[in-house]
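All chains are named by letter (A, B, ...) in the order of the sequence lines, taking the proteins before the strands, and each is independently numbered beginning at 1.
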Protein chains: 2
Amino acid sequence: MDHAADPDPVLIRLREGFERIALVLRADLWAAAGDAGLNPAQAQVLALLAARPAGLRAKAIAAHLAVSAPSMADTLSALERKRLLQRTPDPADARAVIARLTEEGRALGRAFASATSQVMVALARLSPGEQADLLLTQIKLIRTLQQAGAIPVQRMCVSCRHFRPNAHPAEARPHHCAFVDAPIGTRDLRLDCGEHEAADPDVQAATWTSFADGSPPLRAPADD
Amino acid sequence: MDHAADPDPVLIRLREGFERIALVLRADLWAAAGDAGLNPAQAQVLALLAARPAGLRAKAIAAHLAVSAPSMADTLSALERKRLLQRTPDPADARAVIARLTEEGRALGRAFASATSQVMVALARLSPGEQADLLLTQIKLIRTLQQAGAIPVQRMCVSCRHFRPNAHPAEARPHHCAFVDAPIGTRDLRLDCGEHEAADPDVQAATWTSFADGSPPLRAPADD
DNA sequence: GCGTTTTAATTAGGACTCCTAATATTATGA
DNA sequence: TCATAATATTAGGAGTCCTAATTAAAACGC
């Protein structure tokens with residue numbers, strides 16, 4: 001397998017930690033989904049699409065949930081059979097289909113997305129500062145994974161054109177969202193915001209530098 | 001579902017972050033397992049048992065991987081068919097079965113447990129301090145989940161009778177492992193140590209207090 | 001403009017996970 | 001001792017998940 005230079009042991013431990021937590025997440029998902037007569041794969045699709053009123057292409061859903069397109073076709077068929085989802089042809093591309101939730105599906109998806117789980121109960125016992133640090137670390141990891149092509153582009157604040165890092169230096173909520181025109185702190189940063197609009201690559205890079213370094217914004221705040 | 005008082009939004013975001021990372025972990029596992037003609041469930045069993053030379057009961061394996069006993073029986077049968085694992089009756093309890101890896105299974109399991117993954121590549125880009133903080137946070141979460149009964153007891157340093165928190169205050173590696181008789185830093189803390197021996201509950205509680213607060217050890221270091 | 005290549009989705013086929021319920025067997029305890 | 005609990009497995013069934021092959025539409029090259 002990979003005998004070329006064993007990796008730093010701390011990396012293995014951190015991966016193990018994530019794996020342990022992932023097992024609990026999966027168990028939580030079985031519990032929540034099972035109550036509704038579904039399984040984790042179906043629940044994940046509902047939770048994902050609940051935040052996407054316009055729907056998503058089958059291929060994009062597969063990419064977001066890290067399964068193959070045929071696997072996703074199976075799951076979409078199961079959900080359509082259960083009247084929780086509809087597939088319609090994409091007007092912009094006759095090959096593609098767009099999957100949207102029905103009303104019932106949307107209600108279920110929202111419930112899955114906001115349901116309390118055992119992992120959240122454990123997270124609640126961390127201090128607010130630890131929660132903020134953890135969120136920041138997750139954002140860094142997700143950004144790296146995204147840049148490596150391991151996951152599709154996420155709708156995070158840090159890549160949004162409405163995001164103004166360190167617009168209010170030295171305050172508890174140093175950043176700013178120009179869309180809602182409100183200050184935001186580290187704990188408020190979204191991983192999947194419905195209002196996200198990707199900034200230009202150059203702006204994204206500059207925004208990230210400012211965000212990560214705590215330095216003042218590098219660009220004129222006039223493009224909104 | 002759970003309409004009683006929506007949870008703190010930051011908890012949902014943190015769970016989402018873990019979910020994103022969990023998807024990558026699963027994809028990594030498919031990739032590694034697929035190369036060996038296995039699937040994630042089988043690879044997880046091999047990785048778990050590779051660290052348990054004495055083997056583990058079927059029920060315990062199921063608990064560790066958060067699946068039902070019949071599901072685990074399926075997976076164990078698949079692995080036995082592939083000659084990667086053997087089931088033998090437990091001499092201490094004629095109802096129980098102990099699963100052990102064959103030589104081939106052990107080699108594969110070790111490879112899975114130490115293989116580099118996309119998540120580890122991303123983790124490597126964090127600073128050493130961030131890695132230490134993240135590991136500490138994971139330990140806190142895992143400990144809480146363990147106390148809540150969401151996961152079985154783990155073989156972590158912080159619950160081991162050989163662990164001496166803050167034995168070397170104000171040093172880079174403040175803790176100490178009496179088994180290997182060496183100082184250990186936060187980054188060295190194990191989540192699953194083969195030499196783990198559970199300390200008495202009272203001692204565990206005192207150890208945790210000292211560890212989490214950074215205060216000196218509360219007990220006489222004479223029980224080893 | 002028209003063939004070639006690429007892309008999106010699905011079907012086909014098969015291994016296997018995962019569940020609940022039921023069963024056999026052994027341990028535990030009133 | 002006899003009922004209860006615990007361990008594992010079998011039975012049955014839904015559904016995930018893969019790769020390979022297929023259909024159809026879009027994009028590209030010249």
Closer than 3.5 angstrom, by distance alone: can the side chain of [X] be matched with the main-chain N or O of [Y] as a donor-acceptor pair?
X: A:Thr209; Y: A:Ala205; answer: yes
X: A:Thr186; Y: A:Ala132; answer: no
X: A:Gln118; Y: A:Asp28; answer: no

How would you label the contact of [X] with the nucleic acid (heavy atoms, under 4.0 Å): base, sugar-phosphate, or nothing?
X: B:Asp90; result: nothing
X: B:Ala58; result: sugar-phosphate
X: B:Pro70; result: base

Which of these nucleotides, [options], is closest to any side-chain atom of [X]?
X: B:Gln42; options: D:dT10, D:dG15, C:dT17; value: C:dT17
X: B:Asp93; options: C:dA9, C:dC18, C:dA27; value: C:dA27
X: A:Lys59; options: C:dT17, C:dA8, D:dC18; value: C:dA8
X: B:Ala94; options: C:dA27, C:dT10, C:dC18; value: C:dA27
X: A:Ala41; options: D:dG15, D:dT10, D:dT16; value: D:dT16
X: A:Ser71; options: D:dC17, D:dA8, D:dA20; value: D:dC17

Would you please confirm or rule out a distance under 4.0 Å between OP1 or OP2 of [N] and any side-chain N or O of [X]?
X: A:Arg87; N: C:dT10; result: yes
X: B:Thr75; N: C:dT17; result: yes
X: A:Asn39; N: D:dT16; result: yes
X: A:Arg81; N: D:dA14; result: no
X: A:Lys82; N: D:dG15; result: yes

Please state how far atom [atom1] in [X] lies from atom [atom2] in [N], giving the value in whole angstrom units.
X: B:Gln86; N: D:dA8; atom1: CD; atom2: P; answer: 17 Å
X: A:Leu65; N: D:dC18; atom1: CG; atom2: C1'; answer: 16 Å
X: A:Leu38; N: C:dT20; atom1: CG; atom2: P; answer: 14 Å
X: B:Leu23; N: D:dC17; atom1: CG; atom2: P; answer: 10 Å
X: B:Leu46; N: C:dC16; atom1: CG; atom2: P; answer: 13 Å
X: B:Leu84; N: C:dC16; atom1: CG; atom2: P; answer: 11 Å
X: A:Asp35; N: C:dT20; atom1: CG; atom2: C1'; answer: 14 Å
X: A:Leu29; N: D:dT16; atom1: CG; atom2: P; answer: 12 Å

Which residue lies more 5' along DNA chain D, comparing A:Arg26 with A:Ala92 via nearest heavy atoms: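 Comparing both residues, the 5'-ward one is A:Arg26.
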Residue whose nearest DNA chain D nucleotide is more 5′ - B:Val97 or A:Gly37: B:Val97
Side-chain heavy atoms of A:Leu23 within contact of B:Gln44, under 4.5 Å: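 Sidechains of B:Gln44 and A:Leu23: in contact.
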With side chains defined as the heavy atoms from C-beta onward, is the minimum distance between B:Leu101 and B:Leu46 less than 4.5 Å?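 In contact.
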For B:Ser159, run the side chain to side chain donor-acceptor pair (under 3.5 Å) check against B:Arg143, B:His196, B:Gln204 and tell me which one passes. B:His196
Could you check A:Ala60 against B:Ser68 and say which one's nearest nucleotide on DNA chain C is further toward the 5' end? A:Ala60
B:Gln86 atom CD: more than 12 heavy-atom contacts under 6.0 Å: no
Should the side chain of B:Arg95 and the base of D:dA6 be counted as holding a donor-acceptor pair, with the cut-off at 3.5 Å?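 Donor-acceptor pair under 3.5 Å: yes.
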A:Asp74 (side chain) and D:dC17 (base): donor-acceptor pair under 3.5 Å: yes
